[in-house]
Amino acid sequence: MKKILFYSVLIVIWAVMVLTYALIIVLLGFDDKPAYGFYGRFGAACACPEMWLLLLGLTLLLRKKLSRLIFKKETKFDSNPAILCLILGVLWLLFTVFQRFTSSIIQQEVIEQYQESSE
C-alpha cells in the first residue's frame with residue numbers, strides 16, 4: 001500500500017509541476033500559440049514534451065526524500081536516469097527554442113521578399 005502511495009505522490013508532484021510551468025508560461029506571455037483564449041493557450045503550454053522530460057528528471061531527483069518521508073527508512077535510488085532526463089530535456093528545450101527563433105526569422109524574410117516582389 002505504501003508503494004502505491006509513493007508512486008501516486010510522484011505522479012501528482014510531476015503533474016503539479018507541469019501545470020505550474022504551463023500557468024507561468026501563459027501568465028508571462030511566453031507562449032507563441034495563437035490567442036484562442038486562456039484555456040487554449042494553457043492547454044497548448046501543457047502539451048510541451050520537452051518540459052515533461054525536464055520535469056520528470058526533477059521529480060526523479062525527489063524520490064529519495066519522498067521515500068524517506070513515506071517509508072521512514074533510507075532508500076538508495078540511482079540518480080543517473082534523473083540526470084539523463086534533465087540533460088535531454090534541456091537539450092530538447094534549447095533545440096526547440098532555436099528552431100522557433102530561426103523559423104520566425106526565416107518567415108519574416110520570406111514575407112519581406114514577397115512584399116518586395118509584389119510591388
(message) Check for me, please, whether L62 and V90 land in the same ILVMFWY cluster - side-chain distances under 4.5 Å, paths through other members count.
(response) yes

(request) Without swapping roles, check the side chain of W14 against the backbone of L58 for a donor-acceptor pair under 3.5 Å. (result) no

(message) When you compare the side chain of Y21 with that of C48, does any pair of heavy atoms fall below 4.5 Å?
(response) yes

(message) Using side-chain contact (heavy atoms from CB on, under 4.5 Å), reason through L27 and F38 one step at a time and then give a plain yes or no.
(response) CA-CA 9 Å; L27 290 178; F38 173 78; 4.3 Å; yes

(message) Is it the case that the side chain of R41 and the backbone of V26 share a donor-acceptor pair, with hydrogens and angles ignored and the cut-off at 3.5 Å?
(response) yes

(request) Evaluate the side-chain contact (heavy atoms from CB on, under 4.5 Å) criterion for residues V18 and M51: first the C-alpha distance (whole Å), next the side-chain angles of each, then the deciding distance (0.1 Å), finally the verdict. (result) CA-CA 7 Å; V18 168; M51 285 309 291; over 6 Å; no

(request) Take atom CZ of F95 as the centre, draw a 6.0 Å sphere, and report whether it contains more than 12 heavy atoms from other residues, nucleotides or ligands. (result) no

(request) Please check if atom OH in Y7 has more than 12 non-hydrogen atoms from other residues, nucleotides or ligands closer than 6.0 Å. (result) no

(message) Are L23 and I25 linked, directly or through intermediate hydrophobic residues, by side-chain heavy-atom contacts shorter than 4.5 Å (ILVMFWY only)?
(response) no

(message) Starting from I70, can I reach I13 by hopping between I/L/V/M/F/W/Y residues whose side chains sit under 4.5 Å apart?
(response) yes

(message) Considering only residues two or more places apart or on different chains, which pairs with a residue in residues 105-114 satisfy side chain to side chain donor-acceptor pair (under 3.5 Å)?
(response) none

(request) List for me each residue that meets side chain to side chain contact (heavy atoms under 4.5 Å, CB included) alongside N80, sequence neighbours excluded, and say none if there are none. (result) D78

(request) Just do the side-chain contact (heavy atoms from CB on, under 4.5 Å) check on K73 and R68 with the steps written out, would you? (result) CA-CA 5 Å; K73 65 178 182 178; R68 192 177 323 135; over 6 Å; no

(request) Would you please test R63 and F6 for side-chain contact (heavy atoms from CB on, under 4.5 Å) and show each step? (result) CA-CA 9 Å; R63 289 181 297 180; F6 176 72; 4.2 Å; yes

(message) What I'd like to find out is whether the side chain of C85 reaches to under 4.5 Å of the side chain of L54, using heavy atoms alone.
(response) no

(message) When you measure from the side chain of K64 to the backbone of L61, do you find a donor-acceptor pair of N or O atoms at a distance under 3.5 Å?
(response) no

